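Below is one structure, written out as structure tokens; the observations come after it.
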Amino acid sequence: MAKGVKPRVKVPKSAAAGDTVTIKTLISHKMESGQRKDSDGALIPRSIINRFHVTFNGQDVIDVTIEPAVSTNPYFEFEAMVPEAGEFAFTWYDDDGSVYETSKSVAIA
Amino acid sequence: MSVDAPGAVAIAIFAAGNPTPDVVTAKFGPLAASQALSTRIRLAGTQDVVAVAQVADGSFVKASNTVKVTIGGCGG
């Protein structure tokens with residue numbers, strides 16, 4: 001596992017049923033592109049998060065395939081619909097096989 | 001970079017001037033309220049950034065925008 005990977009997610013605590021909520025996610029990751037060279041001229045191997053997947057109560061919200069052109073500390077902002085109270089599950093998949101997960105529950109106001 | 005494609009089922013972003021042009025591919029599920037996404041990307045230099053969206057009926061639409069990349073803090 002890459003060191004110091006910390007997912008941060010901003011989701012409203014409550015919403016009206018059927019409402020649209022804006023979700024902002026940030027995960028700390030160096031996203032080594034595989035293009036850079038170290039001081040000896042050797043290529044630094046690629047090490048990125050290659051997939052980001054969001055579900056709400058098991059239903060798909062968004063599934064993003066990430067390439068090395070995404071910046072360090074990948075940030076994503078998108079909108080989701082909340083049909084009922086439940087939980088958003090966020091999953092990031094690392095090149096090295098690590099999986100980073102976090103979840104946020106939303107109540108119906 | 002932000003992209004908004006109402007009615008799309010998937011969006012792919014390409015940076016034509018990067019060593020590897022693929023940037024992201026996003027698939028929207030039934031609970032995506034809008035087919036929009038914002039993120040931060042790396043660009044190797046001034047170039048066109050291209051978005052291709054797949055619409056629900058199977059057709060594709062394309063949009064592109066030129067992004068000027070200034071290297072160094074002064075003068076540009």
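Small disclaimer: the values here were computed from a predicted structure and weren't measured.
Per-residue counts of heavy-atom pairs under 4.5 Å with chain A were compared for B/Ala10, B/Pro21, B/Ala26, B/Ala33; the largest is that of B/Ala33. Between chain B and the residues A/Asn73, A/Val61, A/Val64, A/Ile23, the largest count of heavy-atom pairs under 4.5 Å involves A/Val61. Residue with the most contacts toward chain B among A/His53, A/Lys24, A/Met31: A/Met31 (heavy-atom pairs, distance under 4.5 Å).
Contact annotation for A/Thr25: neither backbone nor side-chain heavy atoms come within less than 4.5 Å of a heavy atom of chain B. For B/Ala15, no part lies near chain A; criterion is any non-hydrogen pair under 4.5 Å. With a 4.5 Å cut-off on non-hydrogen atoms, A/Ile48 does not touch chain B at all. Both the backbone and the side chain of B/Asp22 come within contact range of chain A, judged by heavy atoms closer than 4.5 Å. Residue A/Thr72 touches chain B through both its backbone and its side chain, counting heavy-atom pairs closer than 4.5 Å.
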Should A/Ile49 and A/Tyr100 be marked as a side chain to side chain contact (heavy atoms under 4.5 Å, CB included) after you check the CA-CA gap, both sets of side-chain angles, and the distance that decides it? CA-CA 10 Å; A/Ile49 290 172; A/Tyr100 315 114; 4.2 Å; yes
Just do the side chain to side chain contact (heavy atoms under 4.5 Å, CB included) check on B/Asn18 and B/Leu43 with the steps written out, would you? CA-CA 6 Å; B/Asn18 272 11; B/Leu43 297 175; 4.3 Å; yes
Test log, rule side chain to side chain contact (heavy atoms under 4.5 Å, CB included), inputs A/Gln35 and B/Thr20: CA-CA 9 Å; A/Gln35 301 281 342; B/Thr20 52; 3.9 Å; yes
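Contact annotation: the side chain of A/Phe52 approaches that of A/Phe90 to within less than 4.5 Å [non-hydrogen atoms, C-beta and beyond].
By the ring-ring contact (aromatic ring centres under 6.0 Å, His included) test, A/Phe78 pairs with no residue at all, sequence neighbours left out. With sequence neighbours excluded, no residue forms a side chain to side chain donor-acceptor pair (under 3.5 Å) with A/Thr22.
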